[in-house]
Structures are given as structure tokens and as C-alpha cells.
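In what follows, chains carry the letters A, B, and so on, assigned in the order in which the sequence lines appear, proteins first and then strands, with residues in each chain numbered from 1.
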Protein chains: 2
Amino acid sequence: MPAQSPREKIIMAAIELFWLKGYNSTSVADLLSRTQLNSGSLYHVFPSKQDVLVGVLETLKDNISPMLLEPAWGGIEDPIEKIFALLAHYRVGIVESDCSYGCPIGSLALELHEPDPQVRTLLAANFEAWTNAVEQCLRGAGSRLPANLDRRALAQFVLTTMEGGVMQARTHRDVGYFDRAVDQLRSYFAFLEEAARVGA
Amino acid sequence: MPAQSPREKIIMAAIELFWLKGYNSTSVADLLSRTQLNSGSLYHVFPSKQDVLVGVLETLKDNISPMLLEPAWGGIEDPIEKIFALLAHYRVGIVESDCSYGCPIGSLALELHEPDPQVRTLLAANFEAWTNAVEQCLRGAGSRLPANLDRRALAQFVLTTMEGGVMQARTHRDVGYFDRAVDQLRSYFAFLEEAARVGA
DNA sequence: GTCTATAAAAGGATAGAC
DNA sequence: GTCTATCCTTTTATAGAC
């Protein structure tokens with residue numbers, strides 16, 4: 001295993017700290033103390049703190065499969081169950097953090113009110129990558145869902161459910177709010193599958 | 001009309017600035033310049049910046065009817081249409097801000113990662129007040145919805161949809177993401193209403 | 001209750017030696 | 001590429017006169 005470069009160390013530390021504390025509440029000093037680097041090393045690689053954020057968002061976007069999808073989907077083949085397994089994966093994160101932490105992208109998206117275009121675009125690209133993965137599952141479900149269903153819109157709605165459910169679970173410090181959101185989505189899927197059966 | 005007290009001026013300015021810029025990005029100096037007050041006046045009323053936040057959250061919670069529900073519901077009687085009118089009200093805010101600003105409570109809920117218990121409780125109470133209003137609409141819909149439907153869980157799901165849709169619309173700077181989320185919720189409601197008809 | 005001035009600390013970023 | 005020291009700005013909050 002090769003030694004981690006300063007760049008990798010900083011990105012990994014920033015992914016965790018931005019997730020735990022948010023962007024504004026994570027100081028450069030926090031990143032330095034976590035990585036045991038000096039400010040010269042950080043600023044040699046990243047001209048500004050915002051460049052660290054850009055690196056984080058690029059890393060998350062480019063590694064959504066190994067960092068999120070593969071761990072969530074281990075062994076699961078059914079395309080619709082993969083969607084709910086992804087949601088269950090977020091549930092584990094909620095519970096393990098005592099309902100304190102949610103989706104790293106969603107938190108950043110609402111924390112940064114007037115992000116630079118580059119940052120905003122990367123946030124959107126992360127949502128896009130997530131939605132694309134779910135959309136592929138929905139397409140994989142074939143005739144189990146109505147033929148005229150807008151599968152891209154439904155994929156976005158899965159993300160909507162996840163983000164809205166995480167937000168309420170965090171705020172109430174009660175994973176039940178996330179569970180009930182997922183339950184409602186399950187119920188909607190059941191209607192859609194029933195409609196596909198009857199319509200076929 | 002009586003002159004606005006310093007306290008009222010600060011709360012109103014803070015509601016707007018926290019919505020526009022967020023809590024951390026709004027400085028006490030911002031509040032002073034917006035209200036034309038001096039720091040002595042602010043700190044005489046609010047011992048700390050966080051106390052301003054508490055005042056804001058209490059004001060929003062205690063005035064949800066005049067500040068949100070009544071403007072959204074003007075003239076609408078149908079309980080289910082009231083729910084979608086509430087969502088349409090948020091849509092106006094999204095469009096008028098060029099997809100920059102969303103729900104003030106949701107933004108604060110995700111910006112503040114480790115809020116004081118008092119603040120977190122007030123955020124949750126705001127969600128609760130919102131959900132209660134929607135739940136009353138769902139109860140008002142009576143037999144148009146299935147008798148065994150968990151109306152509280154569905155009310156929470158309406159909030160889930162709103163918050164998740166707002167987040168994506170803001171991030172993509174495209175209200176279409178909000179619209180498609182609402183469309184999916186409409187579709188779910190259509191299934192529920194159909195199930196109530198058939199089951200009756 | 002309100003005014004001005006300022007303290008005290010934190011945070012992002014840079015300089016220049018090595 | 002990395003080290004230490006430090007500059008500069010912003011920000012929360014306070015002091016003490018009026």
C-alpha cells in the first residue's frame with residue numbers, strides 16, 4: 001500500500017469533517033490537525049479552502065460506485081430492491097450517528113446559499129449521478145412498472161424522499177421519520193407495480 | 001401603527017437574512033446595518049447571536065398561520081387542494097428567487113450540524129406545526145382517502161416531498177425538479193383516492 | 001435603552017527559510 | 001514540497017459614557 005499523498009489525506013479528512021461539521025464550521029486548522037500536515041502543504045496543493053471543497057465533490061462524484069452503490073448493493077440483484085437497499089444504507093448511517101448526520105451532498109447543498117458556479121455544478125452532478133443509478137434500476141424493472149411511467153422523474157423522487165426523510169430524522173433525532181418516508185415510497189411503488197400488472 | 005420595537009426589527013431582519021444567506025453567513029453587523037441599530041441595542045435585547053436565532057424560530061413557529069398558511073390558502077376550501085396550494089406557494093418563492101432560496105427551516109436544519117438542544121427542538125417544532133396543518137387537511141379529506149391510511153405519516157411525506165424537491169430545485173437552479181416531485185406526489189394521491197373509491 | 005469605541009478570538013491565507 | 005511564523009480580516013461580544 002503506497003503512502004497516502006497529502007492531497008489524498010486532505011480530501012479524505014475533508015469528506016469526513018464536512019460531513020460531520022459542515023463546510024463553514026470546518027476550519028483549515030481542523031483539516032491540518034486531522035491530517036498532521038502543515039499549512040504550507042495544504043496551500044501548496046489547494047490554493048484556497050474552496051478548492052478543497054471542489055476536490056471533495058469531485059471525489060464523491062467520481063467514486064459513487066465504490067463508495068456508495070457497491071457497499072449498499074452487495075449481493076442484491078432485484079432492481080427495485082436495490083433502490084430500497086440504497087435507502088436502507090442511508091438508514092444505517094443515520095442510526096450509527098445517533099441521527100446526527102445525513103447525506104453529505106444534501107447538507108452541503110443547503111448550507112452553501114450562494115455557492116460558486118463550479119461548486120453548485122458539482123453538487124448538481126452528484127445528485128445527477130445518484131439519480132442516474134436509481135434510474136437504471138427503474139429501467140431494469142422493465143414491465144413491473146407501467147410502460148408510460150416517467151422513470152427519470154421517479155428516480156428524482158426517490159432522491160427527494162431520501163433527502164426529505166433524512167432531514168426530518170436529523171431534526172427530530174428520530175429515525176422513525178426516515179422510516180415512515182420510505183414506507184410511503186414503498187406504498188407508492190406497490191401502487192405502480194399493481195397498475196403495471198392490471199394494465200398488462 | 002405603533003413604531004416597531006428594536007426586538008421586532010431585529011427578528012424581521014434576521015428572518016430575511018437567515019433565509020437569504022443562512023445563519024453562519026449572516027453577521028451581527030449585517031443585522032445592525034439592515035435595522036439601522038447599534039450593537040448596544042441588539043445585545044441589550046439578545047444576549048447572543050444564537051438568541052436571535054431562537055427568536056426567529058419561535059416567531060416562525062407561532063405565526064405559521066398568518067405568515068404561511070393563510071397566504072397559501074386564500075379562498076381554497078378543498079382539503080386536498082389546500083395541500084397542493086401550500087406546495088404551490090413554495091413554488092412561487094423558488095421562482096421569485098431564481099431558484100436560489102427554499103424553505104427557511106429546512107435550510108437551517110441542514111446548516112446547523114450540532115445545534116443546541118433549544119435550537120434543534122425549535123426546528124423540530126416548526127416541522128411539527130407544518131405537518132400538523134397538513135394532517136388536518138388529510139383528516140378533512142375524510143373518506144376520499146383510505147380509512148386505514150396513516151394520515152400523520154402521509155403528512156410527514158408531504159413535507160418530505162417539499163423539502164427534497166426544494167433542495168434539488170435549488171441545487172440544479174431549475175424549478176422543474178420541484179415540479180416533478182410534486183407531480184409524483186399527485187400521482188400517489190391519485191392512487192390513494194382511487195383505492196378509497198374502490199374499497200368503499 | 002442607546003451610543004461609540006474596542007477588546008478578544010478565530011479564520012483564511014501568505015512569506016520566506018529550508 | 002514542507003516548515004514556522006505571522007499578517008490581515010472578519011466576527012462576536014463587551015465597556016463605559018450618555
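For the helix from C:dG1-D:dC18 to C:dC18-D:dG1, the terminal axes (five pairs an end, C1' atoms, rotation from four pairs onto the next four) enclose an angle of 10°, given to 10 degrees.
Residue A:H44 contributes atom NE2, which lies 15 Å from atom C1' of C:dT14 at whole-angstrom precision. Per the geometry, CZ belonging to B:R7 stands 12 Å off P belonging to C:dG1, to the nearest Å. Atom CG in A:L31 sits about 12 Å away from atom C1' in C:dG11, given to the nearest Å. Atom CG in A:N24 sits about 12 Å away from atom C1' in C:dG12, given to the nearest Å. Atom CG of B:L32 is separated from atom P of D:dT10 by 16 Å (rounded to the nearest Å). Protein atom NZ of B:K9 is 13 Å distant from nucleotide atom C1' of C:dG1, rounded to whole Å.
Closest to the B:S48 side chain, of the nucleotides D:dA13, C:dC3, D:dC3, is D:dA13. The side chain of A:S27 approaches C:dG12 more closely than any other nucleotide in the set C:dG1, C:dT4, C:dG12. In the set D:dT2, D:dT12, C:dA13, C:dA13 carries the atom at the smallest distance from any side-chain atom of A:K49.
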Listing time: all N or O pairs from protein to nucleotides 14-18 of chain D that are below 3.5 Å?
unit_1: D:dT14; atom_1: O4; unit_2: B:S39; atom_2: OG; d: 2.7

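At the heavy-atom level, A:S5 lies nowhere under 4.0 Å from the strands shown.
No donor-acceptor pair under 3.5 Å is formed between the side chain of A:D30 and the backbone N or O of A:T26.
Applying the side-chain hydrogen bond (donor to acceptor under 3.5 Å, both in side chains) test to B:E163 and every residue at least two apart in sequence or in another chain returns nothing.
Place B:L37 and A:A29 on DNA chain C by their nearest nucleotides, and B:L37 ends up nearer the 5' end.
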Determine, stepwise, if the pair B:E194 / B:R197 fulfils salt bridge (Lys or Arg N to Asp or Glu O under 4.0 Å). CA-CA 5 Å; B:E194 174 63 18; B:R197 269 192 298 274; 2.8 Å; yes

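Crowding of B:R144 atom CZ: a count of heavy atoms from other residues, nucleotides or ligands under 6.0 Å exceeding 12.
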